[in-house]
Structure formats: structure tokens, C-alpha cells
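Remarks on the structure that follows.
Each chain gets a letter, A, B and so on, in the order the sequences are listed, and its residues count up from 1.
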Number of protein chains: 2
Amino acid sequence: MITIEAPRLRAASDVPGGRRKQRVSMADVARLAGVSSQTVSRVANGAAGVVETTREQVLAAMSELGYRPNSAARSLRYGRFNTIGVILFGLASIGNSRTVEAIATHAAAEGYAITLIPVGAATQDNVMGAFTRMGELAVDGVILIIEVHLLDASAVAIPPGVHVVVVDSDAGDRYPVVDTDQADGARQAVRHLLELGHRTVRHVAGPVESYAAERRAGAWRHVLEEAGRPVHTPERGDWSADSGYHAGLRLAADPACTAIFAANDQMALGVLRALHERGRRVPADVSVVGFDDIADAGSYLPPLTTVHQDFAEVGRRCVHALLRQIHDEPADAGTDLVATRLVIRGSTAPPG
Amino acid sequence: MITIEAPRLRAASDVPGGRRKQRVSMADVARLAGVSSQTVSRVANGAAGVVETTREQVLAAMSELGYRPNSAARSLRYGRFNTIGVILFGLASIGNSRTVEAIATHAAAEGYAITLIPVGAATQDNVMGAFTRMGELAVDGVILIIEVHLLDASAVAIPPGVHVVVVDSDAGDRYPVVDTDQADGARQAVRHLLELGHRTVRHVAGPVESYAAERRAGAWRHVLEEAGRPVHTPERGDWSADSGYHAGLRLAADPACTAIFAANDQMALGVLRALHERGRRVPADVSVVGFDDIADAGSYLPPLTTVHQDFAEVGRRCVHALLRQIHDEPADAGTDLVATRLVIRGSTAPPG
DNA sequence: GTACGTCATGTTTACGTAAACATGACTGCC
DNA sequence: GGCAGTCATGTTTACGTAAACATGACGTAC
């Protein structure tokens, strides 16, 4: 039933004479089957016009020799790679990995593979290197999951002729952008807290260099101003639970603080811990809302009210927008926003 | 400073006459610079034997035309792709995404790109499809982050001549395997609890089809038996916090239960929630240990004692083992285990 | 019975690159 | 002054595939 073979550790060097025969090509199959290599090509691509007996001979020869098409030659011939590049800082962020997973899945469904191009820390050199490499990369298009303004800051151009879609950025004037509707999600979170009766809402923001963080913070501020409520300076975190913990300790020190909107679930987790350590009960004394709705959020103590983000949908739309470009279809410039929704669990309640 | 250009939405169809010139090739550069394409090749590859004035002309022509090497042609010529394939079920698991990230980083450092090949659900069709595609894939080798026995169950062969490294599996007899030392990690966790004075330790195991889960459970059982302690049937989870919660509810119902070892941190989180809801204090009434040491574990209530896993090191060793194969160096069959270490935080204490 | 169409299959060529070999100019040495 | 050697550069070829075109056998219609 299974035919896994021992790994061939010495590659394809078993041709006598030391000359390295790459591996089985169409010509080899053709020789064995007694046909021309063009006929092999026709069989391989399921083209019409091959008589059944011939086809079977070719297939037999293929499996005897273990023929596998050479995709480099194919790509060269067709001028396409059937591959999408994904440039990102890292998979550490849960949003990133889920978006990438969705991209990979939808790309595969369309016959595209995806190539990951991580750019380590956001130093100029790294980003530059990634793009230099990308120039030579075997991709038909690129999805940028990266703060694009960091690219702008380095003297790096996206090579002309490379199709691009950007996630999570304000580059909508230059590239098609797909993004979660950050502002609307934040509005829902803040309004929910105000509707519960809280006088105002404190914010634990993400890092300044993140557009997502800035838009969440902007919407938070806007809702408060619109409602005529006091706006405190937001606490700054770096998305990590630990940074949320430290922000939470500062907020716990203020007895007037009854409602906190954290820019992501992990910082909210840190806030919950800080409040717990300081003896502030959630939600009786303080309400907390997160953002992302990661899988664990429902198991926090208490289960976290948060804004659900549809990463899979973002990935799906990225792939399709990019494929439209690759297939020369009319471009949809501007920003495509994916809706969010507030998931109410146990971390929010009217003020005590 | 920055020269990002408008996306070219109509590809390279600006050659008059409707014929589609792919894009700038060495021949085009050669024509403009008034040299042969071989000289362009020499400049592109930094080969010696090009006089300075010529080199500058070529470089000027390159940048004027926006030349970028065609990697399909390069791969065809060299017979290598400089690409590593990673086959996995998904990035949802935190371990997977961190391993993949490390793989991508180390591969990039060696001049290799990585291609992601997700196989969705573990159905036979999916796995088969991934391998069929992989046969045509432009990769020099493959890292399998997948339960290999699931492959065995489908009638699928890893194509001969494809270099393979496997993560997290018992395939050490057939392929080089890199893995975390699951058993030792689990031993440390259980011994820690016994040393604190607990009479025995209950286990919340991962799914049966996971070798990692089986090895953690096996080591847990072994330590208990060695110490002559009672061994209860483990609760089964599916790695999710939610499954840990349900397992935790069952364990909370048993007043004799004072120590729990969960097979990962997320299930431990669920256990913590269940214990909290049932009024069992952690660690005063019940001690809990997890596995993985994910970034959030230090922010749980209470901060989780857990087994630290070095995903980055696993990724690093995978890449290097695979590159050794690709470069025809002596194979290191068998299993390469990465050490773990217990991180003691606030969720464990002597029994009340 | 011949002429033409149909269809399976073979032959030529191009995709872009770079190794291997070829050429030709100049240098330096006797 | 002529000849060998050096070095920059050009020409040929192969990598594996598949489109475009070519061939030739057979069948059918008049």
C-alpha cells in the first residue's frame, strides 16, 4: 500500500562516468516509449490527439522511469511561475499566520504555490535585502503583509511589472489594499462600553508604527469625542501580553478607570492579569474589551469580549485581487475592507 | 528617495504588434549596452574578466531597462531552485507557525526561499493532492511538518530523489527527523509535580493521532509507574483551550485531583478556567503544568508553569539537515532531539 | 481512381541563462 | 620584429518544455 523509499542521499549522481544527469526528462521517457518527446508532452498535459495505445505506452514509460515534469522549464516556457510571494515580518503575530494560512489555501485552490519572504526585524537593510531578492524571485505577484511606510522609508522600489496587493496599510492610493475594517471594529468596541454606562474608556494601544494600531486608536478617540467624553492619553503596548500587563498595572492604579479597550487580545490578557493582581474585579469593577477574537479569548478569565476579525476572508480577498491583476483583469484600486463584529462574552458589564 | 511606481496592471503587453515580449532579458540589455549577452551575464554574476568601462555600460543599461534576472531560466540552467518546500496541515498551531518562521529565516540566510504547501484537513485526498503537486513543485527538498503516519495511510509515495526532513514523527528509521524532546519535557513536568509532594498527576492529553501527544502521554505514564503512583486514564483534548476547559471540568469534579499536566499551554488555559469556575484555587488546591511555553503563558491567571520548547532551534536544525542532503553531504539519519526545559511560574505548589 | 481532408505523430524552434569554447587584440620578451 | 601568452569579449550550445509547423497514413467523396 505504501511505497515510501529510502531517501536518496546522493542525489542523481548514479550515472556512470561522473557526468551528472539531472533527472528523468521527457526525452528519456520518449526514448523508452519509442515516441517523440512532443508526444510525451501531449500525454503529460492531457492534450487531445494521442491514440489510446500510444498514451498507455507513454504512461507506462513515465511511471517506470519515475518521470516528473521540470517546473523550471515549464515556467521558462510559459513565462509564469504559478507562485505568489508573501512578504512579511514574521509569523509570530496570530493574525499574520492565520492570514498567511488562508492565502496559502486559496492560492493552492487556484493552482498557485506561495513563497514566504520574511524580512526579520524592520531594519532598512532587511527590507532592502528582501526586495532585492524579490526581484529575482520566481513569483508572479506579491502580497505585502507589512507596514508599507517602512518600505517607503528605505530607498527601495517595488520593481515595476510586479503585481502587488497590500494588507493592513494606508497605501490604497498606490496599490490595491485588503484590510480588516479596523476603525469600525474599534467603534463597536468603544460604543459597547459607553452603552453599558461607562463614563469613558481607556485605551491600550499598539505600537505607533502600526497602521492597524493607529486606526484602532483613532476610532476610539473619535467615538469618545463625538460623545463628549474625556479622552485620556492611551497607554502604549507592543501587542504582547507582557506589555498589556504593564499598561494594566498603570490603569489599575486609577480608581476612576472602569472600562478598558485593548488593541488586541493578547494585551487584553495582560490587562486582565494586572487587574486581577491589583484586586480589581472584571467585569464588576472594570470592563475589558480586546480585538482579534483569537481562539483562546473565550477561555480567558473571564472570557473576553472582543472584536472578531476575519483573517481567512482577508487572505481570500488578497489572493483573488492579486490573481485578477496577474490575469490582466481590470484593477480594483483602493481599499477593500472586511467587516468585523463584536463578540460579547464575560469581560464587560455596566459599571459597578 | 522613494520611487515606488504605480502598479502595472496590464502586465508587459506594451510591445507594439500585440506580441507579448515577456520582459527585459539579457539580450535586451546586451543590445543597449552594445555588448554580447554573455558579457551581461558576467556582469550580473560578478564574474571576473570584465573591464571597468564595459561593466559600467552594462550596469547603466540594466538599470535603464529595469533588468531583473529570470529565475526560471536560472533554475533550468543550474538544475536547482534554491527553494525548500514545507508541507504542513496548517499554521493555526503556534508551534507550527514558529517552526515555519524559523525555517524561513534560516533558509533565507542560506539563499533559499521557502514554499508553503498546506494540506488542509488530513483527508487522504488532500495529502495525496499535495504530494502530486509536490512532484511538480519547484523545490530542492521538503520539510514535512505533518503526522507522517497519516501519509503512510494513504497510498502516496514521497517521490524518489526528493530530499526530505521530518519534524515531529517516529519516521526516524526512514528519514532524518528533527524534533523536540517530548518525552524528556513531559518527564520534567511530571517529576516537578511529584517532587512538590503530589501523590499523583492527572493528564490532559492531545489527540491520539499526534505522535507528540502520544510521547508526552507515554512519558507521563512512565514516570508515574516508575514512582509507583496511581495512573488514571488521561482526559483527551484536541489542543484547543476549549477542549482543555471540558477536560478541566471533569477533573475539577474529583476532589482527589491536586495536580494536572496538560499536553499544551492552550489546553492548560482551559483547565485553569474550569478550575476557577469550579472554585478550585490554583495553585493552592490544584497545580497545573502546560507544555510549549507560548508567549502568553506568563500572563495566564496564575502565570503558567510549563515546558519550554525551542521551536526556532527545531526550524534551524531542519534547514541545516536538509541542506546537507541537498549538498550531497553525509546523511544523518535517525532522530535529532532538541532539549526542553521546565519554566516554573505560579501555577504549581505543594498540595494544600 | 484520384484528390483532398483528417488525424496521429514527428521536427523545429524559442523561452533566458551560463558554461565551454573561440577569437582577436594587445603586452612583453627574446 | 616576431611569437607566445594574457585577457576581454564574442559564439555556440544545452538545460526541459511546448507551441507551431511539417509529415505521412488512411479514409472518403466524386
Mind calculating the distance between [atom1] ([X]) and [atom2] ([N]) to the nearest angstrom?
| X | N | atom1 | atom2 | result |
| --- | --- | --- | --- | --- |
| A/Arg77 | C/dT17 | CZ | C1' | 16 Å |
| B/Gln38 | D/dT9 | CD | P | 12 Å |
| A/Tyr78 | D/dG16 | OH | P | 17 Å |
| B/Arg31 | D/dT11 | CZ | P | 13 Å |
| B/Met26 | D/dT9 | CE | P | 16 Å |
| A/Arg80 | D/dA18 | CZ | C1' | 13 Å |
| A/Glu52 | C/dT9 | CD | C1' | 16 Å |
| B/Leu76 | D/dA18 | CG | P | 12 Å |

Can you see which heavy atom on [X] is nearest to which on [Y], and at what distance?
| X | Y | value |
| --- | --- | --- |
| A/Asn82 | A/Arg80 | OD1-NH1, 2.7 Å |
| B/Gln325 | B/Pro176 | NE2-CG, 3.3 Å |
| A/Cys318 | A/Val167 | SG-CG2, 3.3 Å |

Check your understanding: Hey, are the side chains of A/Arg74 and A/Asn45 touching, using non-hydrogen atoms and a 4.5 Å cut-off?
Key ->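 They are in contact (side-chain heavy atoms under 4.5 Å apart), so the answer is yes.
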
Check your understanding: Is there a side-chain contact between B/Tyr112 and B/Leu323, using heavy atoms and a 4.5 Å cut-off?
Key ->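 The answer is yes; the side chains approach within 4.5 Å.
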
Check your understanding: Between A/Arg316 and A/Glu313, is a salt bridge (Lys or Arg N to Asp or Glu O under 4.0 Å) present by the stated rule, with each step listed?
Key -> CA-CA 5 Å; A/Arg316 195 186 69 74; A/Glu313 177 66 11; 3.0 Å; yes

Review point. What nucleic acid atoms does A/Ser75 come within less than 4.0 Å of, heavy atoms only: base, sugar-phosphate, or nothing?
Key: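 Since no nucleic acid heavy atom lies under 4.0 Å of A/Ser75, the category is nothing.
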
Practice item. Classify the nucleic acid contact of B/Thr39 as base, sugar-phosphate or nothing, counting any heavy atom under 4.0 Å across all strands shown. Key: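 Sugar-phosphate contact only - B/Thr39 comes under 4.0 Å of backbone atoms but never of a base.
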
Point to revise | Within residues 42-51 of chain A, residues whose heavy atoms come under 4.0 Å of DNA chain C | key: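 Those residues are A/Arg42, A/Gly49, A/Val50, A/Val51.
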
Practice item. From the options D/dT17, D/dG10, C/dG10, select the nucleotide whose nearest atom is closest to the side chain of B/Ser36. Key: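 It is D/dG10.
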
Check your understanding: Would you find a donor on one side and an acceptor on the other, under 3.5 Å apart, between the side chain of A/Asp28 and the backbone of A/Ser25?
Key ->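 Such a contact is found between A/Asp28 side chain and A/Ser25 backbone.
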
Review point. Reckon B/Arg74 has a side-chain N or O less than 4.0 Å from the OP1 or OP2 of C/dG16?
Key: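 Answer no for this pair, as no side-chain N or O of B/Arg74 is under 4.0 Å from OP1 or OP2.
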
**Study point:** Given DNA chain D, 5'-ward residue of the pair B/Ala73 and B/Arg55, judged by closest heavy atom
**Key:**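 The 5'-side residue here is B/Arg55.
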
Review point. If an axis is fit to five pairs at each end of the helix from C/dG1-D/dC30 to C/dC30-D/dG1, what is the angle between the two, to the nearest 10°?
Key: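 Computed angle between terminal axes is 60°.
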
Check your understanding: Roughly how far, to the nearest 0.5 Å, is the CD1 atom of A/Ile117 from the CG atom of A/Leu88?
Key ->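 Reported to 0.5 Å precision, the distance equals 9.0 Å.
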
